[in-house]
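Have a look at the structure below, then the notes.
All values derive from a computational prediction rather than experimental measurement. Ligands are counted one by one from 1 in listed order, and the atoms in each one are counted from 1 as well. FYI, the numbering just counts along the sequence from 1.
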Amino acid sequence: MADNVVLVGFMGAGKSSVGRILARRLGRCLIETDAMIMASEGRSIPEIFAAEGEAYFRAAETEALRLLAMKHGEVIATGGGLPCREGRPDALRALGTVVWLSGELDTLVDRALRGGERPMLAGKSRDEMRALYQAREPFYRQADVTVDTTGRSTDQVAADVIRALRSGRPAASTSRSLA
Ligand code: S3P
């Protein structure tokens with residue numbers, strides 16, 4: 001199994017910010033699937049969604065995932081929807097230790113809406129966002145480790161992740177051991 005640290009979670013969980021801190025503290029590189037897609041497409045995620053639609057973007061995520069098989073020893077931050085398809089949790093675990101940055105939905109959504117354009121949230125009511133989250137949660141739950149971001153700064157979350165990785169036990173809760 002490859003030895004990457006793979007961050008998953010809903011939009012607004014802080015995957016990019018925590019990933020940046022983790023990469024610095026662990027002396028690794030940060031790879032973001034959204035950035036891979038933007039680089040290969042030469043346009044932003046909202047532009048891709050607007051011009052091509054969601055299915056096209058999901059196919060680009062599949063290609064990004066295929067390319068990640070070549071990576072070792074990195075921190076990988078995934079887009080919020082990437083883990084949420086049949087077979088994806090296993091494919092991500094094959095890349096390394098999968099860490100779910102969990103949190104309370106309203107907080108996640110508030111953070112996501114503050115943090116720039118999110119096509120998957122645009123025009124949705126809170127109930128629709130909750131439905132999207134609930135459909136995704138079973139996929140996130142299949143991570144090796146869960147770290148709760150509620151009330152924690154990105155520095156604290158990164159420290160919790162490192163502690164969990166080093167101890168072989170989760171900082172908050174887990175569905176699976178790190179072994
Ligand atoms: C998406 C999340 C986004 C980005 C795209 C779709 C999703 O990434 O991949 O807008 O479906 O949840 P973040 O989770 O970094 O916001």
Judged on heavy-atom distance to atom 11 (O) of ligand 1, which of R58, R118, E54, M11 sits nearest?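 That would be R58.
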Closest to atom 1 (C) of ligand 1 (judged by heavy-atom distance), picking from A122, P46, G80, G9: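 Shortest heavy-atom distance from atom 1 (C) of ligand 1: G80.
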Tell me, please: is A112 in heavy-atom contact with ligand 1, that is, under 4.0 Å?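 Per 4.0 Å heavy-atom rule, A112 does not contact ligand 1.
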Do [X] and [Y] have a side chain donor and acceptor closer than 3.5 Å?
| X | Y | value |
| --- | --- | --- |
| R88 | T62 | yes |
| E32 | S16 | yes |
| D148 | T150 | yes |
| Y56 | E41 | yes |

Atom indices of ligand 1 within 4.0 angstrom of [X] heavy atoms, with elements:
| X | value |
| --- | --- |
| F57 | 5 (C), 6 (C), 9 (O) |
| M120 | 6 (C), 7 (C), 11 (O) |
| P119 | 10 (O) |
| I45 | 5 (C), 10 (O) |
| G79 | 8 (O), 9 (O), 14 (O) |
| K15 | 13 (P), 14 (O), 15 (O) |

Quick one: CD on E63 to OG on S40, what's the gap to the nearest 0.5 Å?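 Here the interatomic distance stands at 7.5 Å.
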Just verifying a value: how many Å separate R118 CZ and F49 CZ, rounded to the nearest 0.5 Å?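 If we round to the nearest 0.5 Å, R118:CZ and F49:CZ are 11.0 Å apart.
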Report the part of R111 in contact with ligand 1, treating N, CA, C, O as backbone and CB onward as side chain, heavy atoms under 4.0 Å; options are side chain, backbone, both, neither.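 Within the 4.0 Å criterion, R111 makes no contact with ligand 1.
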Check: [X] N/O within less than 3.5 Å of ligand 1 N/O:
| X | value |
| --- | --- |
| G81 | yes |
| F49 | no |
| S16 | no |

For atom 12 (O) of ligand 1, closest protein heavy-atom neighbour: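 In this structure, atom 12 (O) of ligand 1 has R136 NH1, 2.6 Å as its nearest protein heavy atom.
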Protein heavy atom at shortest distance from atom 4 (C) of ligand 1: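 The protein heavy atom lying closest is D34 OD2, 3.1 Å.
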Using the six-membered ring wherever Trp is involved, compare the ring planes of Y140 and Y133 and label them parallel, tilted or perpendicular (cut-offs 30° and 60°).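 Ring orientation of Y140 relative to Y133: tilted.
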Salt bridge flag under 4.0 Å for residues E74 and K71: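 Salt bridge flag = no for K71 with E74.
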Can you name the closest pair of heavy atoms from N4 and L95 and give their distance?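 Shortest heavy-atom contact: ND2-O, 2.8 Å.
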Please name the pair of heavy atoms, one in A13 and one in L101, separated by the smallest distance, quoted to 0.1 Å.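 Result for this residue pair: CB-O, 3.4 Å.
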